[in-house]
Structures are given as C-alpha cells and as structure tokens.
Amino acid sequence: MNLKQLAAIKAVEMIEDGMKVGLGTGSTAYWAIQEIGRRVKEEGLRIETVATSQASEDLARELEIPILPFSEIPHLDLTIDGADEVDPQLNLIKGGGGALLREKIVASNSDKLIIIVDESKSVETLGAFALPVEVVPFACEWTLAALERLGCKPEWRVKDGEQFVTDNGNYIADCRIERIEDAPLLEQQLNRIPGVVDNGLFIDMASIVIVACSDGTIDVRNRK
Ligand SMILES: O=C[C@H](O)[C@H](O)[C@H](O)COP(=O)(O)O
C-alpha cells in the first residue's frame with residue numbers, strides 16, 4: 001500500500017453513517033474516494049457527497065457514491081482533501097491540480113477539513129512549492145503584473161503546451177516565492193488584487209492533518 005493510500009484510509013475511518021462529505025481533488029484524494037466507494041459498496045455506508053472538481057465527481061459517480069448538487073446540501077460534516085505543503089500551524093498550500101477555488105469554497109462550508117498527505121508535503125515554512133493563484137482571463141496580463149509588483153514571481157501554468165484553464169474557466173499563475181514569511185498576510189494581499197479570484201493558501205482551515213510516514217506510521221495532527 002502506498003503512503004497516500006495509507007493516509008486516505010485513516011481519514012475515511014472518520015466518516016460515519018448519515019454524514020455529508022466533501023470530496024477533494026488530486027492523487028491523494030483519489031485514494032480517499034476509492035476507499036469511500038469501497039465502504040459504500042461493501043459496508044453499506046450511507047452518505048451524501050459533493051465534489052471539488054469534475055475529475056473527482058466523475059470518479060465518485062463511477063464508484064456509485066451518492067453525489068448531490070450543491071443546492072441540495074446546505075452544509076458539510078467533513079471534507080477530505082490533499083495538499084501540496086503543510087506547515088506546523090496546519091496552514092496549507094493547495095492547488096497543484098488547479099482545483100483550489102472549489103476546494104476552498106467546499107472546505108469553508110465544512111465543519112471539519114481533514115487533510116491527507118505523505119511526509120514529503122510536511123515543511124517548516126510554506127513556499128518551496130510554487131503558490132497557485134487563480135486569475136480571471138480578462139486583462140490577465142495586468143493581474144500578472146500586479147502579482148509581480150507584490151514580489152510573487154508568477155508564471156502562467158501551461159498544460160500540454162496550452163495555457164491551463166481551471167474548471168471555472170480561469171487561469172493559474174504559479175508564484176515562485178520559495179519562503180513565505182507571513183502566510184496569513186500574503187493570503188489577504190493576493191485576494192485584494194482585482195482579477196485574482198483566490199489563491200492556494202489555506203489559513204486556519206485544516207482541522208486535522210494526517211501524515212503517512214515512510215516507516216509506515218501515521219501522524220495525526222490536530223489544530224490547536
Ligand atoms: O488542486 C489540487 C489540490 O489542491 C490537491 O489536493 C493538491 O494539489 C495535492 O494533490 P496531490 O494529492 O495529487 O499531491
């Protein structure tokens with residue numbers, strides 16, 4: 001079993017019958033959705049879910065996990081999602097897969113956000129992973145210039161030779177900051193730029209971070 005799967009299984013143990021659950025995005029969340037599918041099928045787990053990306057929604061449907069429109073679920077009990085970096089305060093960088101906006105909306109409407117990572121994602125200071133910022137296409141060069149003025153060293157994300165477009169029809173500027181000294185401040189500064197829809201800093205949002213370590217142990221970190 002790989003480390004991502006190990007963390008995912010531990011998180012899915014926290015889901016109880018009758019819960020409303022947010023499904024995250026990415027290669028770690030993939031394992032959580034697989035495990036939820038197994039519990040629904042083999043244990044008859046009764047839950048309702050919403051997904052943070054088209055890819056996760058498609059996977060959930062394939063596994064016959066009940067998935068509902070957002071209009072039918074006012075609030076979630078918990079969301080299970082991955083992250084690109086986690087610091088000791090449980091602040092996160094997310095959005096390596098481009099799903100940060102939907103992930104932040106879903107996380108902020110969940111009683112608990114459970115983050116699952118392997119130990120390579122655990123860092124002392126956020127920033128070695130390029131911070132994704134979602135930008136509307138209108139006048140996007142001006143928004144990029146504003147990000148440069150903030151010292152963010154942004155670069156448009158490219159996929160298969162084309163500009164990457166999110167599920168929301170926006171672009172992603174990946175910001176090579178290296179070391180983010182004040183993540184709560186930067187999160188606010190970025191979101192004050194007109195044209196920025198949101199950014200991948202998740203501050204004070206994770207309730208629990210589950211870290212799967214290469215020696216096979218699992219470190220469960222609770223937000224204080
Ligand atoms: O946009 C993508 C999400 O924020 C992912 O949860 C994050 O990038 C971690 O992905 P992975 O589990 O594939 O490393």
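Each ligand, and each atom within it, is numbered from 1 in the order the structure gives.
The pair Glu181-Arg179 meets the salt-bridge criterion, with a side-chain N (NZ, NE, NH1 or NH2) lying under 4.0 Å from an Asp/Glu carboxylate O.
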Which donor-acceptor pairs under 3.5 Å do the side chains of residues 141-154 make with protein atoms, sequence neighbours left out?
none

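Between the side chains of Arg221 and Ser122, at least one donor N or O sits under 3.5 Å from an acceptor N or O.
Residue pairs satisfying the side-chain hydrogen bond (donor to acceptor under 3.5 Å, both in side chains) criterion with at least one member in residues 185-204, sequence neighbours excluded, are listed as follows: Lys104-Glu187, Lys104-Asp198, Asn191-Asp198, Asn191-Asn199. A salt bridge (Lys or Arg N to Asp or Glu O under 4.0 Å) check over residues 42-60, counting only residues at least two apart or in different chains, returns the pairs Asp17-Arg46, Lys20-Glu48, Arg38-Glu42, Arg38-Glu43, Arg39-Glu43, Glu57-Arg61.
The cationic group of Lys159 does not satisfy the cation-pi geometry with Phe164, failing either the under 6.0 Å distance to the six-membered ring centre or the 45° limit from the ring axis.
Contact residues of ligand 1 (protein heavy atom closer than 4.0 angstrom to a ligand atom; sorted by chain and number): Thr25, Gly26, Ser27, Thr28, Asp81, Gly82, Ala83, Asp84, Lys94, Gly95, Gly96, Gly97, Gly98, Ala99, Glu103, Lys121.
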